[in-house]
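Reviewing the structure listed below.
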Amino acid sequence: MAPGAPMADPTTAAPRATTSSAEPDALVIGAGPAGLSAAAALRHRGLRPLVLERAPQVGASWRGHYDRLHLHTPRRLSGLPGLPIPRRFGRWVARDDVVRYLEMYAEYHDLDVATGIEVARVERGTSGWELPATGGRVLASPVVVVATGHSRSPYIPDWDGRETFTGELLHASSYRNAERFAGLDVLVVGVGNTGAEISVDLAEGGAGRVRLAVRTPPHIMRRSTAGWPAQATAIMVRRLPTGLVDRLAPYVERVSVPDLSAYGLPRPQTGLYSRVREGAIPVQDVGLVAAVRSRRVEPVASVREFDGATVRLVDGSEMTPDLVVAATGYRRGLEPLVGHLDVLDERGRPVVSGPRSPQNAPGLYFTGFTNPISGMFREMAIDARKIARAVARTR
Ligand SMILES: Cc1cc2nc3c(=O)[nH]c(=O)nc-3n(C[C@H](O)[C@H](O)[C@H](O)COP(=O)(O)OP(=O)(O)OC[C@H]3O[C@@H](n4cnc5c(N)ncnc54)[C@H](O)[C@@H]3O)c2cc1C
């Protein structure tokens, strides 16, 4: 979009992904919200980036999420640079509308997106970066933005006896809806936002019994209170000291969420913001509290091991579920791509992200690899503008 250009409503336009033949000024790896917003911000600065996407279409991660998923951050706080999310998508934007928004976004900003191209590695070249990709081609550019996603590789813990399990074991990334699981005994493992919502979906969708294995009792927040979204509070407190937010949070939690100890889900002992710093975002309540209180979702201890049909929990109890849904998170999986460049820390996170390049890797940027309390769409939008400014300054 040209600076100051009026914002037409492109929402009726058909999605389109194109590639131009001109040499790109920057290569962006990944056509999710992080990559698309970085590319749009670079376009806004007059640069011509090329987005490389391994999937056949933009927004691949969102296309794969479960059916009932909505953004838990409100529409107005989740728009990417240059194009707000259309009002008609409602306050809490449904998964399919997030996908439509990302399609519209690429179209509106006239982004060059090359789909079906997987980048194997980022390598130092003679005058910048070289990216060996699908089909033996090597793309080169002095600027590379890595936006391959916080949730690249589904992760299932290596529980003892996992391979002996005779029931079905599914990672949450493969779960769509409860249809196939009517009447079944299900154990959902992990009580992040995904595990919490999938357990509710299963209970409402007709599963025979739903248990939810909890390792650390989560912080639970209402998505909004009297119209005020939890994300707005999160944005306000994000710069406050961790200890202060940890001390204040229990007061808010006590007035907004009932005590579920009697149902097997005690209040957390760990500080809310300390947990965020460790990567655990609070659970936004989209039905878990009611489902636990009505005992349609039963919290249980965390999983210790599998043994044939049996799942043994850390408190010694046993069960024989038909299905185990592992809502046990993802890994960034950056090692094969950039591990050899000495730009990752001991936990596999980029040493710097946003507008800063690692000192030993000028022109290499990372976006979308933090998990801030203030909402990732919002932070990716902020980072996109900063990255574009930083890149423009170096030219
Ligand atoms: C279930 C769920 C709900 C969420 N809800 C919210 C929410 O409500 N609000 C919010 O702000 N955030 C939310 N997030 C967090 C975050 O906003 C999303 O995960 C978002 O999709 C991250 O965007 P991204 O572009 O960084 O990664 P992705 O959307 O995962 O996009 C990365 C892209 O890179 C491609 N790719 C990966 N490797 C390569 C390669 N080697 N070569 C080429 N292409 C590659 C992938 O195919 C993918 O299309 C949610 C996350 C999850 C998992």
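Counting starts at 1 for both ligands and their atoms, following the listed order.
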*Before accepting this row, confirm whether a basic side-chain N of the pair Arg395/Asp25 lies closer than 4.0 Å to the acidic partner's carboxylate O.*
yes
*Nearest protein heavy-atom contact for atom 42 (N) of ligand 1: which residue, which atom, what distance?*
Val119 N, 3.0 Å
*Would you mind listing which atoms of ligand 1 come within a distance below 4.0 Å of any non-hydrogen atom of Ala147?*
32 (C), 33 (C), 34 (O)
*Salt-bridge test for Asp97 and Arg88: reply yes if a basic N is under 4.0 Å from a carboxylate O, no otherwise.*
no
*What residue and heavy atom of the protein are closest to atom 7 (C) of ligand 1, and at what distance?*
Leu71 CD2, 3.4 Å
*Of the side chain and backbone of Ile29, name the one, both, or neither that has a heavy atom under 4.0 Å from an atom of ligand 1.*
side chain
*asked:* I need the contact type for Asn193 against ligand 1. Using non-hydrogen atoms and a strict under-4.0 Å cut-off, is it side chain, backbone, both or neither?
replied: neither
*Salt bridge flag under 4.0 Å for residues Glu379 and Lys386*: no
*Determine if the distance from atom 51 (C) of ligand 1 to the closest protein heavy atom is below 4.0 Å.*
no
*Where on Phe369 is there a heavy atom closer than 4.0 Å to ligand 1, on the side chain, on the backbone, on both, or on neither?*
neither
*Indicate yes or no: does Arg68 engage Glu197 in a salt bridge with an N to O separation below 4.0 Å.*
yes
_Strictly below 4.0 Å, N to O, side chains only: are Arg304 and Glu318 in salt-bridge contact?_
no
*If you measure from each non-hydrogen atom of Thr194 to ligand 1, which part falls under 4.0 Å: side chain, backbone, both or neither?*
side chain
